[in-house]
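Have a look at the structure below, then the notes.
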Amino acid sequence: MNETHNGLLQRPKTPILTGVPNLVEDEDNLELVPRRLYFADSMQVTNIKIVFTSNDLIPEYAQRSFRPNMIHQVFGNDGIIYGYRNLNIDIYFLANSAKCFVDLHYTEVTSDDMPHHSQPDDILQKLTPWLPEDYYLDKKKFMVALDKEKHFKQYGQLLHTVQLYNEREKTSYKYYFNICSTEEPGFAKFHSRFQCMIVWYIDGASQIDVEDPNWMFIYVYESRKYGKYCDTTGLYPVGFATIYKFFHFPDKVRARISQFFILPSCQGLGIGTHLLKTTYEIIGGLANVIDITVEDPCPAFTRMRDFLDCQLLMELEPFKKNSINKGYSNVMFTEANKHYKINKRQCRRVYEILRFSYARCDKTNKDYQELYTEITDRLKLPFMKDQRVLEKIKFLSDDCRLDYITDMAKNPSSIERNVSNYIKEIIKTAISVNVKLLKQQLE
């Protein structure tokens with residue numbers, strides 16, 4: 001997120017784009033405008049803003065404003081919008097209800113009667129699939145909705161609260177973690193509105209069917225004052241997690257964390273870690289759950305999950321230093337799954353991170369060297385199995401064998417690269433665990 005030093009986004013200037021053809025100047029009409037002035041980088045001209053009071057509709061007074069992390073799901077891979085000069089797209093969400101207002105600003109738009117120019121892109125057509133059904137284009141109507149906003153409304157049943165400090169805003173806020181249900185009046189429509197923001201921050205985002213009873217929802221609400229000069233406190237959603245309960249034959253459930261979102265202005269405070277831990281607690285309390293999986297986690301979520309899992313599992317006996325250096329065992333998975341429903345793959349990963357941590361990530365340490373070899377052998381095992389299969393497929397035609405051998409020939413370097421990248425990734429987490437969790441134990 002690109003921020004100014006005071007934490008507020010300024011209205012962006014028209015970006016200069018490379019690779020966009022200029023209009024060839026006509027000697028008989030020197031007033032023709034170059035085409036490049038009608039191209040805009042959607043990443044730079046799109047702003048998402050949270051509205052607490054009417055002051056937040058004034059750009060320089062907005063309390064929380066942020067740009068997208070990604071735009072390809074809305075405006076395509078190149079992210080270019082054609083047809084407008086000095087374009088700005090401001091998308092406002094009411095802080096409590098997530099009702100939405102879209103405000104398009106531009107100084108000029110192309111038309112068919114302009115030489116060398118074509119029709120402008122239909123911005124609303126691109127935006128609409130990722131806007132609430134009842135979004136506003138009329139500012140006056142949106143202001144009426146703002147006047148009727150219930151700043152204290154929250155959905156769900158309270159699970160726990162936590163006080164966290166926001167370094168950007170130089171103040172502490174109280175956060176409420178609630179388990180929500182679509183059976184509660186109004187919640188389904190609210191979530192359908194709030195989840196629209198994820199398209200700008202989650203790759204491969206999709207809007208879920210809130211009426212499916214297998215979905216679970218955990219929301220985070222922040223307690224804060226309406227505005228800078230207001231003493232009244234309200235409650236406002238700042239993030240959520242959705243979990244889907246998959247049937248696992250014959251009578252079990254596999255819980256998958258599907259969506260996990262925290263407003264950009266609230267990231268880095270520890271809210272996500274508390275939300276994930278709360279999610280573990282909720283899932284752990286369900287009957288017949290075999291484990292927890294995560295749908296296509298991004299690197300940031302993976303790091304957060306790894307760190308939390310290390311923090312939790314290092315308290316269990318099989319994951320303490322004296323036990324872990326003996327090597328991986330099924331007892332580790334049994335204990336991790338029993339207490340936190342952690343799956344086998346994640347359990348093995350946490351074991352490796354913690355063992356590297358206990359070895360201080362020191363390459364000269366015997367435990368480090370043993371684990372490095374253990375990981376390398378584990379990751380290469382599928383490749384070795386393929387090689388053994390290759391020796392047995394004598395019955396294949398020479399052409400088929402050649403194709404197979406050609407593919408296999410590419411694997412050795414790929415495998416080495418994958419092993420190296422994986423170990424670098426978990427060592428990075430291990431260093432963090434060492435510094436934040438194990439420093440006193442290892443001194």
Interatomic distance, CG@Leu379 vs CD1@Ile423, rounded to 0.5 Å, equals 7.0 Å
Only one of Phe194, Tyr176, Phe261 passes ring-ring contact (aromatic ring centres under 6.0 Å, His included) with Tyr219, and that residue is Phe194
Taken to the nearest 0.5 Å, the spacing of Phe246 CZ from Asn214 CG works out to 8.5 Å
So that I can tick it off, tell me whether Lys49 and Asp56 are bridged by a salt bridge, with the cut-off set at under 4.0 angstrom between side-chain N and carboxylate O.
no
Anything under 30° is parallel, anything over 60° is perpendicular, the rest tilted; go ahead and classify Tyr368 against Phe356.
tilted
Quick one: are Trp200 and Gln73 in side-chain contact, heavy atoms under 4.5 Å?
no
If you measure from the Lys or Arg side-chain nitrogens to the Asp or Glu carboxylate oxygens, is any gap between Asp306 and Arg349 under 4.0 Å?
yes
Are there more than 12 heavy atoms of other residues, nucleotides or ligands under 6.0 Å from atom NZ of Lys428?
no
Closest heavy-atom pair, Gln207 versus Trp130, reported as atoms and distance to 0.1 Å, is CG-CZ3, 3.3 Å
What do you reckon, are the aromatic ring centroids of Phe187 and Phe217 less than 6.0 Å apart?
yes
Heavy-atom check, side chain of Met314 versus side chain of Lys320, under 4.5 Å
no
Hey, could you give me the CD1/SG distance between Ile91 and Cys100, rounded to the nearest 0.5 Å?
6.5 Å
Does Gln267 reach the main-chain N or O of Ile262 with its side chain, forming a donor-acceptor pair under 3.5 Å?
yes
Which residue is it: Glu149, His151, Lys189, Lys150? I am looking for the one with a side chain to side chain donor-acceptor pair (under 3.5 Å) to Ser97.
Glu149
Working note: Glu370 + Arg355, criterion salt bridge (charged side-chain N to carboxylate O under 4.0 Å, His left out); need CA distance, chi angles, decisive distance, verdict.
CA-CA 10 Å; Glu370 288 180 354; Arg355 192 170 175 188; 3.1 Å; yes
Charged N to carboxylate O under 4.0 angstrom, Glu425 versus Arg303?
no
With ring centroids as reference points, do Phe52 and Tyr236 lie under 6.0 angstrom apart?
yes
Atom CG of Asn330: over 12 foreign heavy atoms under 6.0 Å
no
Backbone N/O of Leu269 and side chain of Glu167: donor-acceptor pair under 3.5 Å
no
Distance-only side-chain donor-acceptor flag, Arg224 / Gln63, under 3.5 Å:
yes
Show me the pairs that pass ring pair (Phe, Tyr, Trp, His ring centres under 6.0 Å) and involve residues 270-316, at least two apart or across chains.
Phe260-Phe301
Only counting residues at least two apart or in another chain, list the ones meeting salt bridge (charged side-chain N to carboxylate O under 4.0 Å, His left out) with Glu335.
none
Got a sec, which pairs hit ring pair (Phe, Tyr, Trp, His ring centres under 6.0 Å) with one end in residues 319-349, sequence neighbours left out?
Tyr328-Tyr351
Euclidean distance, Ser206 OG relative to Ile208 CD1, rounded to 0.5 Å
8.0 Å
Considering only NZ, NE, NH1 and NH2 on the basic side and carboxylate oxygens on the acidic side, decide whether Arg64 and Glu169 come within less than 4.0 Å.
yes
Tightest non-hydrogen contact, residues Cys196 and Pro132, listed as SG-N, 3.5 Å
For Glu317, is there any backbone N or O sitting under 3.5 Å from a side-chain donor or acceptor partner on Ser323?
yes
Of the non-hydrogen atoms in Asn96 and Phe190, which two are nearest, and what is the gap between them?
O-CE1, 3.4 Å
Kindly indicate, with the supporting measurements, whether the criterion side chain to side chain contact (heavy atoms under 4.5 Å, CB included) is fulfilled by Ile218 and Cys180.
CA-CA 6 Å; Ile218 302 175; Cys180 302; over 6 Å; no
When every non-hydrogen atom of Asn166 is compared with those of Ser265, the smallest separation belongs to ND2-O, 3.6 Å
Using a cut-off of 6.0 Å, state whether more than 12 heavy atoms not belonging to Lys277 lie near its atom NZ.
no
Tell me whether Ser258 contacts the main-chain N or O of Ile243 through its side chain, where contact means a donor paired with an acceptor under 3.5 Å.
no
Indicate whether the side chain of Asp212 and that of Tyr244 have a donor and an acceptor atom separated by less than 3.5 Å.
yes
Please check this pair: side chain of Tyr84 against backbone of Asp121, looking for a donor-acceptor N/O pair closer than 3.5 Å.
yes
For the pair Asp203 and Met70, evaluate side chain to side chain contact (heavy atoms under 4.5 Å, CB included) and give the outcome as yes or no after the intermediate values.
CA-CA 8 Å; Asp203 198 11; Met70 57 188 69; 3.9 Å; yes
Taking Glu222 for the side chain and Pro237 for the main chain, is one N or O donor matched with an acceptor at less than 3.5 Å?
no
Report the relative orientation of the aromatic rings in Tyr201 and Phe66; use parallel for angles under 30°, tilted for 30 to 60°, perpendicular for over 60°.
perpendicular
Show the numbers, then the answer: is there a side chain to side chain contact (heavy atoms under 4.5 Å, CB included) between Leu286 and Val253?
CA-CA 9 Å; Leu286 298 176; Val253 171; 5.6 Å; no
Could you pull out the closest heavy-atom pair between His105 and Asp90, with the gap in Å?
CD2-OD2, 3.7 Å
Any Leu124 side-chain heavy atom under 4.5 Å of Tyr135 side chain:
yes
Consider only side-chain N and O atoms of Tyr155 and Ser181, and report whether a donor and an acceptor are under 3.5 Å apart.
no
Donor-acceptor contact present, side-chain Ser42 to main-chain Gly79, <3.5 Å
yes
Could you check if a side-chain atom of Leu235 sits within less than 4.5 angstrom of a side-chain atom of Lys153, using non-hydrogen atoms only?
no
Atom NE2 of His160 and atom CG of Asn178: how far apart are they, to the nearest 0.5 Å?
9.5 Å
Would you say that Asp78 contacts His72 through its side chain, given a criterion of any heavy-atom pair below 4.5 Å between the two side chains?
no
As an exercise, state the distance from CD1 of Ile324 to CG of Leu316, rounded to the nearest 0.5 Å.
10.5 Å
Is it the case that the side chain of Lys341 and the backbone of Val289 share a donor-acceptor pair, with hydrogens and angles ignored and the cut-off at 3.5 Å?
yes
Tell me, yes or no, whether the heavy-atom count around Gln163 atom CD, taken from other residues, nucleotides or ligands under 6.0 Å, exceeds 12.
yes
Does Phe249 have Lys252 sitting over its ring (NZ/CZ under 6.0 Å from centre, angle to axis within 45°)?
no
Aromatic ring centroids of Phe101 and Tyr92 under 6.0 Å?
yes
Determine yes or no for a side-chain-to-main-chain donor-acceptor pair under 3.5 angstrom, with Asn343 supplying the side chain and Asp291 the backbone.
no
Over all heavy atoms of both residues, which pair between Lys170 and Tyr165 is shortest? Give the atoms and the distance, please.
CA-OH, 3.3 Å
Side chain proximity check, Gln346 to Val350, heavy atoms < 4.5 angstrom
yes
Check this for me: does any side-chain nitrogen of one of Glu374 and Arg378 sit under 4.0 Å from a carboxylate oxygen of the other?
no
Tell me whether Thr161 contacts the main-chain N or O of Tyr175 through its side chain, where contact means a donor paired with an acceptor under 3.5 Å.
no
